[in-house]
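Ligands are counted one by one from 1 in listed order, and the atoms in each one are counted from 1 as well.
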Amino acid sequence: MELSKLIQEMMNEPSPIRQIMKMASRQNIINMGLNPDEVISYGGGWVGHHPPEQLRQEYGNICNDIEKFHDAGKYSPTLGFEECREAIAKMEKELFGVKLGIENIIIGQSSTQLTHDLLVALANPDDKILLFDPTYANYPGQIKMTLRNAKIVRQRVLDTEGWEYKSEEEMAEDFKEIYEKEKPKIVLFPSPDNPSSQVFGDTFVKTIADMCHDGKSFMIVDYAYKTQCFISPPKYFSWNPSDYPFMIALHSNSKWGRGLGRRLGWVDASEEIIEAMERVQQCTILCPDTMHQFAFASYINKSLADGSLKKYLEEVRNAYKKAADATIEAIDEFLGLPRLIPQGGLYTLMKVNEDADEFVKRVLKNTGVLFIPGKGFGDSLKEAVRISYGPHVENIGVIKEGFKRVADYLKK
Ligand SMILES: Cc1ncc(COP(=O)(O)O)c(C=O)c1O
């Protein structure tokens, strides 16, 4: 059997995150002589809080009514239903002050699929794509899959000596230099970030937006964690596509409402980009899921009207902030290793001062505690691990226990 050259190459470069998650599978844990029920994992890049109860009821309303359930089985328009795009526009306006018309919105299956489609819509295989180092580990594979040999240019944003993000001014200067030299077609980054949980500041992002505007490049901001921002939100969270026609905002239902397995994503951007995305999406997914759009639109309209959406989001944000604080306290108390203070999202990065692949394997085998080795996020994290508190948000007590176990082992 001869598979495509592309996939053969990609299978030879498996994701380091998937590899370590496989190593921590139940059977492998048993093979290591450990009890899988005692494993404490800081590996999961997902959220552990409950979805809004009213959203669950919206699904119930559809499922309990023969005609509504029948209707939810029809195809959606490729752009998504107008009612759902209107609800999203209303939500972005009320939560962040973004002004959108439905012509600025396309709904997709997830932000993973929409990223794929954006790369197809915006770049050619001989273009360059600028990513930060570190950044979300799935981007390089997605770029390779859509754009084959497009060159990935990396900008270091982490000072690995001082173990903190560079100042905004320094990042802006670095960006200008790299942009002038490489002329990337797309600049793509999450904020709040995965894996660092840092929120990029206005000075830096304005520099990126202005340079992209003048040089006719696209800036894609991945807002997977937008509602889980612990610091006061930067101004660009409120920018409109009419002000920045080269900016694309990428959104997902996965993280804020615990919709990981029930997901929808959407993009807001200029009408021209949305029209291009419609054409791509016709060929990738044809249309987004109808049932999720029905439940989501109805929930958003009601929960905006009665104020419960804002309340829910505030509670969720506070819960993750508490989990973040508990994580940092435990690292400081038990390990005393350099770490980043999360500004939003689900993670921190801890410097382990040795090859992190080896460190993670050793710690897992000896303690049953799982970290994610940093390499998959960029070279700056070869000696660091990503620690996720996301899955433990409703059980914060467990966070401390894992670090205590690791400290006891490292002392030996
Ligand atoms: C930065 C970032 N973007 C996108 C995704 C995936 O989003 P979705 O579930 O909408 O595909 C994740 C998931 O961890 C993420 O961390």
Which side-chain N or O atoms in residues 135-145 pair as donor and acceptor under 3.5 Å with protein atoms at least two apart or in another chain?
residue	atom	partner	partner atom	Å
Y139	OH	D222	OD2	2.7
Q142	NE2	T112	O	3.0
K144	NZ	E9	OE1	2.6

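Taking the ring centre of F294 as origin, the terminal cationic atom of K68 falls outside the region bounded by 6.0 Å and 45° from the ring axis. With F246 as the aromatic partner, K216 does not meet the cation-pi criteria of under 6.0 angstrom to the ring centre and within 45 degrees of the ring axis.
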**OP:** Report the C-alpha distance between R339 and I341 in whole Å, list the side-chain angles of each, state the deciding distance to 0.1 Å, and finish with yes or no for side-chain contact (heavy atoms from CB on, under 4.5 Å).
**Re:** CA-CA 7 Å; R339 78 295 182 266; I341 306 258; 3.9 Å; yes
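For Y42 and Y389, the distance between ring centers is not under 6.0 angstrom.
Applying the ring-ring contact (aromatic ring centres under 6.0 Å, His included) test between F296 and each of W266, Y59, F81 identifies W266 as the sole match.
Within 4.0 Å of ligand 1, the residues that place a heavy atom are G45, S110, S111, T112, Y136, P190, N194, D222, A224, Y225, S252, S254, K255, R263, listed by chain and number.
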